[in-house]
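Working notes, beginning with the structure itself.
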Amino acid sequence: MAFNPNHFRDIDPGQRVLMGPGPSDVPPRVLQAMSAPCIGHLDPYFLAVMDETQQLLRHLFRTNNALTIPVSGTGSAGMETCFVNLVEPGDEVVVCVNGVFGTRMSDIVNRLGGKLIRVDGQWGRAIDPERVREAVKGRSPKVLAVVHAETSTGVCQPLEDLSSIAKESGALFLVDMVTSLGGMEVAIDEMGIDAAYSGTQKCISCPPGLSPISFSDKAMEALRNRKSPVSSWYLDMSMVGSYWGAERKYHHTAPINMIYGLREALRIIAEEGLEARFARHRLNHRALMAGLETMGLDMLVPETERLPMLNAIRIPEGVDDVKVRKALLTEFGIEIGGGLGELAGKIWRVGLMGHGARPKNVFLFLSALETILRAEGVKVKSGALDAAAEVYGAEGL
Ligand SMILES: *Cc1c(COP(=O)(O)O)cnc(C)c1O
């Protein structure tokens, strides 16, 4: 067939309700900010935008760390940035693994020639800090790494004990905050975290494409004291940091319009207030739980270890995973996630992230799921919407 340029139509995906593991729904203000004119990466106006973006990021991460910037790339680029800057061949690195993203961290450590000390835990449960204490006993690892919000399972990993273990063993404490940042407390400085990375498309509700990171003074010192150059040129924070810092030295062209979008998303978060935002995530999570419980559905994660922004529902016996998710998307415009790895076909992952953590989405999802499951012949108990409404009502909504 001959190539016909008129064959390609305007992009028009239509509306969706993004209730998966990310991307989450993007507020119109963010999309609008992204459509502002593209200017030069050394333009004085853009340099001011960079400074403001850093200020807003420090506010969200609750840190004074000088190196607090968005890496040009998605959350995985942030993950790679942390490890490639802090790990040299032969360095001992402890990685806690209880899901897909801990597994990905391990893969990166191996590729960098680090000496991986893996602490495996059950998928769907938090890692027991005692297991980590055992693993570091008699060693002096360079880094202790953990995922705060394991998006593949919906587990929240408490950080206090692991932070102490890192400190006692002299390790840098490295935390994946891709899904937690913007949806729950992360407090980098208070928690003694040395390196953290996140992503824009989860609870920050900006399109994917940037990865906010932050390095403590201790991490910067480790970077300066490296014996070998950082093996990635693009992600070398000693060079990228010079562009974001006072020198303004060109390294690579900043993704200008993505940074406009992130700045706007962070401005929205600051306007709402962190405490209010985290409380909103918890409230909508509780309403969703009340509804699902009433329907008779089970969750993967025990109540005390659940994340507010990512809810893993056990797929009822005999129900067709893909068919239900397809019906949610085609009949109701709702996107949710399936299970990953060993949980494929066993769970649904329902996100209430950032802009999407709203009563409207909770009610829509509960009624859609109930309708579809009934059509599939599942005996669903009624009253889910009432149960959710009761949770909101008790909060005076
Ligand atoms: C999404 C996610 C990542 C990877 O981010 P990408 O933007 O997909 O590269 C890493 N860690 C966690 C916990 C995530 O949820």
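Counting starts at 1 for both ligands and their atoms, following the listed order. Atoms considered below: every heavy atom in the structure, side chains included; atoms not considered: hydrogens, waters and symmetry mates. Here, residue 1 is the first one in the sequence, and each next residue gets the next number.
- A donor and an acceptor atom, one from each side chain of Ser205 and His355, are nowhere located under 3.5 Å apart.
- Each of the following atoms of ligand 1 lies closer than 4.0 Å to a heavy atom of Ala149: 13 (C).
- Note on ligand 1: Lys202 sits in its first shell, one or more heavy atoms being nearer than 4.0 Å.
- Under 4.0 Å is where a charged nitrogen must lie from a carboxylate oxygen, and between Glu92 and Arg139 at least one such pair does.
- Those atoms of ligand 1 that come under 4.0 Å of a heavy atom in Arg104, given as number and element, are 4 (C).
- Glu271 has a carboxylate O that lies under 4.0 Å from a charged side-chain N of Arg29, or vice versa, which qualifies the two as a salt bridge.
- Heavy-atom neighbours of Lys218 NZ from other residues, nucleotides or ligands within 6.0 Å: above the threshold of 12.
- Heavy-atom contacts of Thr179 reach the following atoms of ligand 1: 15 (O) (cutoff under 4.0 Å).
- Hydrophobic clustering (side-chain heavy atoms under 4.5 Å, transitive across Ile, Leu, Val, Met, Phe, Trp, Tyr) groups Val362 together with Met19.
- Under a cutoff of 6.0 Å and an axis angle of 45°, Lys202 and Tyr197 do not form a cation-pi pair.
- Near Gly75, meaning under 4.0 Å from any of its heavy atoms, are these atoms of ligand 1: 5 (O), 6 (P), 7 (O), 9 (O).
- Between Arg133 and Glu130 a salt bridge is recorded (basic side-chain N to carboxylate O distance below 4.0 Å).
- Those atoms of ligand 1 with a heavy atom of Ser76 less than 4.0 angstrom away are 4 (C), 5 (O), 6 (P), 9 (O).
- Here is the list of ligand 1 atoms found below 4.0 Å of a heavy atom in Thr151: 12 (C), 13 (C), 14 (C), 15 (O).
- Glu221 has no carboxylate O lying under 4.0 Å from a charged side-chain N of Arg224, or vice versa, which leaves the two without a salt bridge.
- If you number the atoms of ligand 1 from 1 as listed, the ones under 4.0 Å from a heavy atom of Gln201 come out as 6 (P), 7 (O), 8 (O).
- Counting only heavy atoms of the protein, atom 11 (N) of ligand 1 lies nearest to Asp176 OD2, 2.7 Å.
- Atom 3 (C) of ligand 1 has its closest protein heavy atom at Phe101 CE2, 3.3 Å.
- Listed by number with element, the atoms of ligand 1 under 4.0 Å from a non-hydrogen atom of Thr74 are 6 (P), 7 (O), 9 (O).
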